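Order of the sequence lines sets the chain letters (A, B, ...), proteins ahead of strands, with each chain counted from 1. Values reported hereafter were calculated over all heavy atoms of this structure, with side chains retained and with hydrogens, waters and symmetry mates removed. These numbers were taken from a predicted model, which means no experiment stands behind them.
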Amino acid sequence: MSGERYNPRESEPKWQKIWDDAKSFVTANDDPRECYYVLEMFPYPSGRIHMGHVRNYSMGDVVARYHRARGKNVLHPMGWDAFGLPAENAAIERKTHPGSWTYQNIEAMKAQLKSMGLSIDWTREIATCSPDYYQHQQSMFIDMLEAGLVTRKSSKVNWDPVDMTVLANEQVIDGKGWRSGAPVEQRELTQWFFKISDFAEDLLEALDTLNDWPEKVRTMQRNWIGKSQGLSFNFTVKDAPQGFETLPVFTTRADTMRGPTFAAIAADHPLSKHLAESNPAIVDFIEACHRIGTAQEAIDTAEKLGFDTGLKVLHPADPSWELPLYIANFVLMDYGTGAIIGCPAHDQRDLDFARKYDLPVLDVFMPLDSDTPVGTEAFVPQKTDKVKYVRWFGEDGAVLTNEEAMAKTLALFEENGWGTAQTQYRLRDWGISRQRYWGCPIPVIHCGVCGTIPVPKKDLPVKLPEDVTFDKPGNALDHHPTWKHVHCHQCGGTARRETDTMDTFVDSSWYFARFTAPHADTPTVPAVANRWLPVDQYIGGVEHAILHLLYSRFFTRAMKATGHVDLSEPFKGLFTQGMVTHETYKSQTGEWVNPTEILIEATGDTRTAKDLKTGAPVTIGSVEKMSKSKKNVVDPDEIVATYGADTARWFMLSDSPPERDVQWTEAGVEGASRFQQRVWRLVNEAIELDQRAAESTATDAKDALALRRVIHRSVDGIGKDIEGLRFNRAVAQIYELTNALTKTLQGQIGPETRAAIMEGAEKLTVLLSPMMPHLAETCWEALGKYGLVADANWPEVDEAMLVDDTVTMPIQVNGKRRAEITVAKGTPAAEVERLVLSMDEIVRILEGKAPKKIVVVPDRIVNVVV
RNA sequence: GCGGGCGUGGUGAAACUGGUAGACACAAGGGACUUAAAAUCCCUCGGCUAACGCUGUACGGGUUCGAUUCCCGUCGCCCGCACCA
């Protein structure tokens, strides 16, 4: 038996079928045991899984299988983020329906995931493009609309004039549509919004409670929400056009309120638009501002431009103080009120602007050691640095920090009714309207008499029509001949369906809740959802740090407000795993070459590569994230076919810490595959040994005890490492245990050691099972154990095996290790000191000198200072 | 510019709350077995040195009996955000 190699190609499908037939991973909601919910971010059904998925799902599966072995009722579901643009693009290219393309992809990817041997409850599978799913989303949309959490308003969007659709910010590259390449226009469109900004403060504050989230993600969300505190006041506009007598402004720099020399408004400010109506020069200027676009580089290098409106505004604290009012290209309508007060001395943008238009620059404060006025560089110190105030609403020459001065000025303004303290957030409402077919229809109708009203719940779902064509650019839903024409359910008159669909981020904002009762005829079964949620461990890529995770946090709050769940935070633990990278290769002609087309040769420290077919030399390039364009991708199917799923999983978990990028190497996979065979051999040798008569009857209690100590330390350590998601360390400890067992097998073996080896082989099998589940089942079977290792309990740790009665302490002389001493555990410091000073080595090193001091940390270390 | 993180052998990395730096793995080199290859097993493997030793965790300081770990400064890399008033 031991002569046979382990064959994953035979073994893996066999166990997958056995797990399926035994319903090993089907989770019952009424199971009374402690619940544990582990979830990996569900994939977009692009058609094929990639190594990033393999890594992500391997990690989640280890967590799921571990907690199952720990006796918990584990929920580990999988589904498909199935709406979205690529399906429509595929439909255009292949003349198919987005739905059939999507469902085919789902089937293909599901088969791939199944070949990985994941412990997933497939009875809970959901696809967001199915009416079974999105009807509930529509129903919740209506609840939220009625609860005042949804609003419809006009807003500026990125409009692609060729594809005739709104683009998300991340789909605009260098000011051009990512697909059409056409320059993106800013358009004003009426859109549906979730009022996420109503929750800004709560979303910000609650971040402090998410202790099991990476600090990095919490910081990113904090920045995104962008809370700032400052002063809100009104300018009085002199000789103002009707309706524009006051101009609201927000500033975070109340302390500079005696240093402004101009005021400015955004090009899109209502006042700018009003003025443009009677002034063609302003129209031209506003258009010029729009042309700069949204591209980062353009913004960085754009010159500060302004247009003097000729209007004057009056300083709130001193009506006799007039400031010129400009329209300026660097003022954003989206932030604050779209109007600013310009204090050039202490803001670089304001200074650039002032220098260009020859506006005065008034220093408000100066460094403590200088009286030089501001030149071309604004003086912007840390807000906690002390500076000398020379021009402000306080004592002249006062030395204080910006923070202190701001607080004082704010108080003064409030006292005199010149303005009020205000908190501002950068977070804007979440616009969810998309002019797209392949998304969840927004369940409202527009009636000329009754207005914009929700579809009655009894008429849900508002289904997407099947008979659509994509021969025209734009929204196929809108082009459909009949779909949008309806009768108003209230007045019976003619009405029009909303043809916009929802942003796909809505779909992924609650799927984790749907998994808890995926077949219910309500969006959730609150009692069930409340029992499972929050997700104990959520695992996915850091690229979702803001959008998906922030939207989900909001949506959970909105679901709470509408009675669908009774909690605010959806994910208790979050883990963001690193990317999978690979070396890149380039041919002599500069083309990227796939790793499967080359041969690597290594001698000493130098590695060279050549083309497998032609033998031509190939340049080894940098290590990059796997991407099709650089051809440095490895196909999971090929890996599973060649080495088996267990090898792929094992390699993905070993070596690199999970939050860091991991480099896929052929040598590494070979190593993982060798280890698989080693374990199989080891287990078989242990079985053979067990069946033979003992070679020696001599007592071997000491060896057996040493091995059992290693076994139990491994059980303890590996469990802790898995709980802490330190998979690379868990893997290292499994190697250590394997090495210890191999070593013991090679020595003289008496009856007690033989028993210890059998104990080790069995425990190793269980410890290995979350990571290499198929191999573990095969070993379990060979060991003659009852049932499936998937149902086996995690081994108990014998605490007595963790403590050793002796301890080896290093002995340092002046901080350098010179010797070591083995003493009984808990030997008092004085006793250790006596023993150390009598040691020959120490006496020799001391050369008769008397030690100045001896530090003894019991059971740890000795340091002799001379 | 603002915020966050990181820097340890040829490589990926370990090192618990300040206590033997380099666990574990990969690569490499040497050897055993073999007609040969594969597979497997054994040995070496931070640098310098013939050796005793010395030195070494980006660099320079500091605190400490003792620093990869704590503090200050410098350099380098990565990530996120950004005309946010």
Side-chain angles (χ1 to χ4, degrees), chain A residues 5 214-224 226-228 230-231 249-253 256 260 264 266 292 296 298-302 304 328-332 334-343 346-350 352-353 380 424-426 542-543 545-546 600 602-607 623 651 654-657 659-663 665-672 674-675 677-678 681 717 720 726 728-739 742 746 808-820 851-857 859-866:
Chain A
R5 287 174 65 77
E215 189 53 50
K216 179 184 174 176
V217 173
R218 292 198 281 174
T219 305
M220 283 165 74
Q221 292 214 353
R222 240 174 241 126
N223 293 342
W224 188 262
K227 179 178 183 176
S228 56
L231 172 70
V249 185
F250 174 75
T251 177
T252 55
R253 294 306 301 257
T256 64
I292 291 172
Q296 203 50 60
I299 288 168
D300 285 345
T301 53
K304 303 281 172 283
N329 66 347
F330 67 94
V331 179
L332 305 175
D334 304 323
Y335 189 77
T337 62
I340 63 150
I341 178 163
C343 181
H346 306 292
D347 183 294
Q348 192 60 45
R349 294 158 301 171
D350 294 351
D352 293 346
F353 190 82
V380 189
Q424 191 82 35
Y425 299 90
R426 198 180 77 108
V542 74
E543 64 273 18
I546 295 175
I600 302 224
T603 33
D605 294 340
T606 45
R607 295 168 71 241
V623 175
F651 181 52
S654 53
D655 288 348
S656 286
E659 69 278 9
R660 242 181 267 178
D661 289 354
V662 67
Q663 188 187 344
T665 61
E666 321 312 312
V669 189
E670 296 280 355
R674 277 200 297 273
F675 177 69
Q677 297 297 344
R678 236 185 98 194
R681 235 174 13 247
K720 282 177 180 158
R726 296 179 294 265
N728 57 320
R729 284 189 3 183
V731 165
Q733 288 201 66
I734 289 178
Y735 272 114
E736 273 179 282
L737 174 58
T738 310
N739 290 346
T742 307
Q746 286 164 353
T808 301
M809 295 164 72
I811 302 167
Q812 298 179 331
V813 176
N814 286 341
K816 285 189 183 111
R817 183 185 171 279
R818 295 296 176 180
E820 58 182 38
K852 266 193 213 141
K853 185 177 173 185
I854 299 176
V855 181
V856 179
V857 183
D859 298 342
R860 290 226 105 145
I861 201 163
V862 182
N863 193 3
V864 183
V865 186
V866 283

Identify whether any heavy atom of R218(A) sits under 4.0 Å from a base atom; if not, whether one sits that close to sugar-phosphate; answer base, sugar-phosphate or nothing. nothing
Would you say R726(A)'s side chain and K720(A)'s backbone share a donor-acceptor pair under 3.5 angstrom? yes
So, under a plain 3.5 Å distance rule, would you say the side chain of N223(A) forms a donor-acceptor pair with the base of C81(B)? no
The contact string for nucleotides 36-42 of chain B, one letter per nucleotide 5' to 3', using protein heavy atoms under 4.0 Å with B, S and - for base, sugar-phosphate only and none, comes out as ---SSSS
In whole Å, measure the gap between the C1' atoms of A39(B) and A51(B) for me. 40 Å
Criterion side-chain contact (heavy atoms from CB on, under 4.5 Å) on I340(A) and D350(A), from CA distance to verdict: CA-CA 10 Å; I340(A) 63 150; D350(A) 294 351; 3.8 Å; yes
Under 4.0 angstrom, heavy atoms only, what part of the nucleic acid is R253(A) near: base, sugar-phosphate, or nothing? sugar-phosphate
For K216(A), all residues meeting salt bridge (charged side-chain N to carboxylate O under 4.0 Å, His left out), sequence neighbours excluded: none
Could you pull out all residues at least two apart from D655(A) that satisfy salt bridge (charged side-chain N to carboxylate O under 4.0 Å, His left out)? none
Between G9(B) and G80(B), how many Å separate the two P atoms, rounded to a whole number? 26 Å
With B for base contact, S for sugar-phosphate-only contact and - for none (protein heavy atoms under 4.0 Å), nucleotides 59-64 of chain B reads ------
Rounded to whole angstrom, note down the C1' distance from U8(B) over to C43(B). 26 Å
My understanding is that a pair needs two contacts under 3.5 Å, Watson-Crick or G-U wobble. By that rule, which nucleotide pairs with U57(B)? none
If pairing means Watson-Crick or G-U wobble with both distances under 3.5 Å, then the partner of C81(B) is G1(B)
Heavy atoms from C-beta onward define the side chain here; which of U20(B), A25(B), A13(B) lies closest to that of Y735(A)? A25(B)
Measuring only the P atom in each nucleotide, how far is C24(B) from U35(B)? A whole number of Å is fine. 34 Å
Say you pick atom C1' in A14(B) and the same atom in A25(B); how far apart are they, in whole Å? 11 Å
Could I get the full list of ring-ring contact (aromatic ring centres under 6.0 Å, His included) partners for F330(A), not counting sequence neighbours? F353(A)
Selected nucleotide, minimal atom distance to Y335(A) side chain, candidates C84(B), G12(B), C83(B): C84(B)
F675(A): ring-ring contact (aromatic ring centres under 6.0 Å, His included) partners, not counting sequence neighbours: W650(A), Y735(A)
Would you mind pulling out the nucleotide paired to C6(B), Watson-Crick or G-U wobble, both distances under 3.5 Å? G76(B)
Hey, does Q812(A) reach any base, or is it just sugar-phosphate, or nothing, if we go heavy atoms under 4.0 Å? base
For A25(B), what is the paired nucleotide under Watson-Crick or G-U wobble rules, both distances under 3.5 Å? U11(B)
For the side chain of K216(A) and the base of C79(B), is some donor closer than 3.5 Å to an acceptor across the two? no
